[in-house]
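Notes to accompany the following structure.
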There are 4 protein chains.
Amino acid sequence: MILEINSSSSTPIYLQIVEQIHRRIARGALTAEDPLPSVRQLALELTINPNTVARAYLELEFQGVIYKRQAQGTYVSPGAGEASRVERDRMVAALFARAISEAASFGMTPEEIDGVYQKQWRAHR
Amino acid sequence: MILEINSSSSTPIYLQIVEQIHRRIARGALTAEDPLPSVRQLALELTINPNTVARAYLELEFQGVIYKRQAQGTYVSPGAGEASRVERDRMVAALFARAISEAASFGMTPEEIDGVYQKQWRAHR
Amino acid sequence: MILEINSSSSTPIYLQIVEQIHRRIARGALTAEDPLPSVRQLALELTINPNTVARAYLELEFQGVIYKRQAQGTYVSPGAGEASRVERDRMVAALFARAISEAASFGMTPEEIDGVYQKQWRAHR
Amino acid sequence: MILEINSSSSTPIYLQIVEQIHRRIARGALTAEDPLPSVRQLALELTINPNTVARAYLELEFQGVIYKRQAQGTYVSPGAGEASRVERDRMVAALFARAISEAASFGMTPEEIDGVYQKQWRAHR
DNA sequence: GTGGTCTAGACCACC
DNA sequence: GTGGTCTAGACCACG
């Protein structure tokens, strides 16, 4: 389980972990009943504090994306794929909505906003 | 000078002030040499601590957007409009870039991404 | 009496006035018993607050450089020239001493310090 | 980390801290990735308020001289040495330039100015 | 433990 | 009146 952690990012490390696991599930790289690395194991790999990994798992468990089997380990929930896909669409829509409303509050017209978006979209594609 | 402060937001109050003043300048509602309310005055209006306003003004001064005249008050810098507009475009482009790359990391195709954006954009317009 | 005031300088306006009058006296442009403009007059010329001029005159009077004749005005003290010249040497020596000790505290060697000075001196001459 | 604070100086305490850390870096006593004392620790040592230390660190971070790792501490930035050395030269040159122009405005000749400097320089060496 | 934010209230220099 | 600095003390997120 190789995740990319950017310790100088402004988003907390534990959220970076949460997001990346979300992505793996949405992409299908992780599916129902797949095991996740143990807290200690992942902490070692990423050379971060075990508390940080534990916090990320807690968040994912709270979201119903993973679950724990006593003394056995942590696994991807059945239905996590569906949940992640719904969550994904909701999240992406929210990001676009935010970008648009930010731009509008700066006084940009809808056309100007679209211009900026189109440039980014073309650059990505 | 009526600003909207959301004290339960996760973004610090002082940054909310910074952003809103940036917007006013980008929009042209504030231009070079316009006076800003005094630290104490604005603190009273927003019913927050003067130190919090001072911190916002410090940040804006650091960015070169405003300047202070000894015992006279705080004013919008000449060239602040340009600076704020550049900052605005940079920020909006960054938001779109983030939304797009987030979506891509979830496994969405460029066309799917554009679909989500178009829906948001139409809703806004 | 034309003085140059830089309102955006970090040195207070009243001190800028003090220094410039000092200089006029050291240079001989002002000598014993010469009259100075009234507080109101100078404030008008410089478009600054009369309090600020008054404060500058107070400082100069305290230094013994000027004195006031009741209801008549303000005049340069006899002996002000001498006082200003002594003051001048003391002040310039202090400035150099400060520059040198600052440089030393940054770890520069005497030779490095001299190099920086020589460059400035040549540029000036 | 022993710093010398003069609480009766006219330069603010937080700037005294900023300058002294700059000096340590310029001198090489602090180099890239060296840890700085925590805000609270340094505040205790200097018997000043933690906020004051925080403000000094904020200024240094703004200047790009130090950076903070989430909940881990504060460290010297890579490249801080170079930045501090450039800043050092700039500052020392500015001090000499100021001393020279002050002296000139008092009517001293370049040779007289050099005389005063030479005396100070020899006294220091 | 780390730094980030905020409040309340003080004193100061300057205009 | 203006902003600048400082203190004391609080709560929070993060690791």
Side-chain angles (χ1 to χ4, degrees), chain A residues 5 7 9-17 43 46-56 59, chain B residues 5 7-17 35-43 46-59 61 66-75, chain C residues 5 7 9-17 43 46-56 59, chain D residues 5 7-17 35-43 46-59 61 66-75:
Chain A
I5 296 303
S7 61
S9 160
S10 71
T11 62
I13 294 174
Y14 84 98
L15 281 183
Q16 295 184 38
I17 297 172
L46 305 177
T47 58
I48 60 176
N49 193 305
N51 284 337
T52 307
V53 177
R55 188 159 184 180
E59 178 75 17
Chain B
I5 296 304
S7 60
S8 63
S9 159
S10 72
T11 64
I13 294 175
Y14 84 97
L15 283 182
Q16 295 184 38
I17 297 173
L36 270 69
S38 80
V39 168
R40 288 167 173 87
Q41 176 60 28
L42 188 52
L46 305 178
T47 59
I48 59 174
N49 192 291
N51 283 335
T52 306
V53 177
R55 182 155 188 191
Y57 280 15
L58 196 70
E59 178 78 17
E61 191 181 16
I66 65 177
Y67 70 97
K68 289 162 188 162
R69 286 194 213 134
Q70 271 291 10
Q72 291 202 51
T74 304
Y75 300 85
Chain C
I5 296 303
S7 61
S9 159
S10 71
T11 63
I13 293 174
Y14 85 98
L15 281 181
Q16 295 184 39
I17 297 173
L46 306 178
T47 58
I48 59 176
N49 193 305
N51 284 336
T52 308
V53 177
R55 186 158 184 182
E59 177 77 16
Chain D
I5 296 304
S7 60
S8 63
S9 160
S10 72
T11 63
I13 294 175
Y14 84 96
L15 282 181
Q16 295 183 38
I17 297 173
L36 269 69
S38 81
V39 168
R40 289 167 172 89
Q41 176 60 27
L42 188 52
L46 305 177
T47 58
I48 60 176
N49 191 291
N51 282 335
T52 307
V53 177
R55 182 157 188 188
Y57 279 15
L58 196 69
E59 178 78 17
E61 190 181 17
I66 65 177
Y67 70 96
K68 290 161 187 163
R69 286 193 215 135
Q70 274 287 14
Q72 293 202 50
T74 303
Y75 300 85

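Below, read A as the first sequence line, B as the second, and so on, with proteins coming before strands; counting in each chain starts at 1.
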- prompt: Do the side-chain N or O atoms of D:Thr74 get closer than 4.0 angstrom to the phosphate oxygens (OP1, OP2) of E:dT2?
  reply: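 For D:Thr74, the contact criterion (side-chain N or O under 4.0 Å from OP1 or OP2 of E:dT2) is not met.
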query: OP1 or OP2 of F:dG1 less than 4.0 angstrom from a side-chain nitrogen or oxygen of B:Ser38, does that happen here?
result: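 For F:dG1, OP1/OP2 do not have a side-chain N/O of B:Ser38 under 4.0 Å.
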- prompt: Hey, are the side chains of D:Ser38 and D:Tyr57 touching, using non-hydrogen atoms and a 4.5 Å cut-off?
  reply: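 With C-beta onward as the side chain, the pair stays apart.
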Please report the interatomic distance [atom1]([X]) to [atom2]([Y]), rounded to the nearest 0.5 Å.
X	Y	atom1	atom2	result
A:Ser10	D:Gln70	OG	CD	9.0 Å
B:Glu59	B:Leu15	CD	CG	6.5 Å
C:Ile13	B:Arg69	CD1	CZ	10.5 Å
D:Tyr75	D:Ile66	OH	CD1	12.0 Å

Take atom [atom1] of [X] and atom [atom2] of [N], then tell me their distance rounded to the nearest Å.
X	N	atom1	atom2	result
B:Ile17	E:dT5	CD1	P	13 Å
D:Arg69	E:dG3	CZ	P	12 Å
D:Ile5	F:dT5	CD1	P	14 Å
D:Glu59	F:dG4	CD	C1'	13 Å
B:Tyr75	F:dG3	OH	C1'	12 Å
D:Leu58	E:dT2	CG	P	18 Å
B:Tyr67	F:dG4	OH	P	14 Å

task: Please work out the stems of DNA chain E from pairs that are Watson-Crick or G-U wobble with both distances under 3.5 Å, keeping only runs of three or more consecutive pairs.
output: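 Result, WC/G-U stems under 3.5 Å: E:1-14 with F:1-14.
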Show which side-chain atoms of residues 46-53 of chain C pair as donor or acceptor with protein atoms under 3.5 Å away, not counting sequence neighbours.
residue	atom	partner	partner atom	Å
C:Asn49	OD1	C:Asn51	N	2.8
C:Thr52	OG1	C:Asn49	O	3.4

query: Once each nucleotide of nucleotides 6-15 of chain F is scored for protein heavy atoms under 4.0 Å, what B/S/- sequence comes out, 5' to 3'?
result: BBBB----BS
Which atom of [X] lies closest to which atom of [Y], heavy atoms considered:
X	Y	result
B:Thr74	B:Lys68	OG1-CG, 3.5 Å
D:Ala54	D:Val39	N-CG1, 4.1 Å
C:Ala56	C:Tyr14	CB-O, 3.5 Å

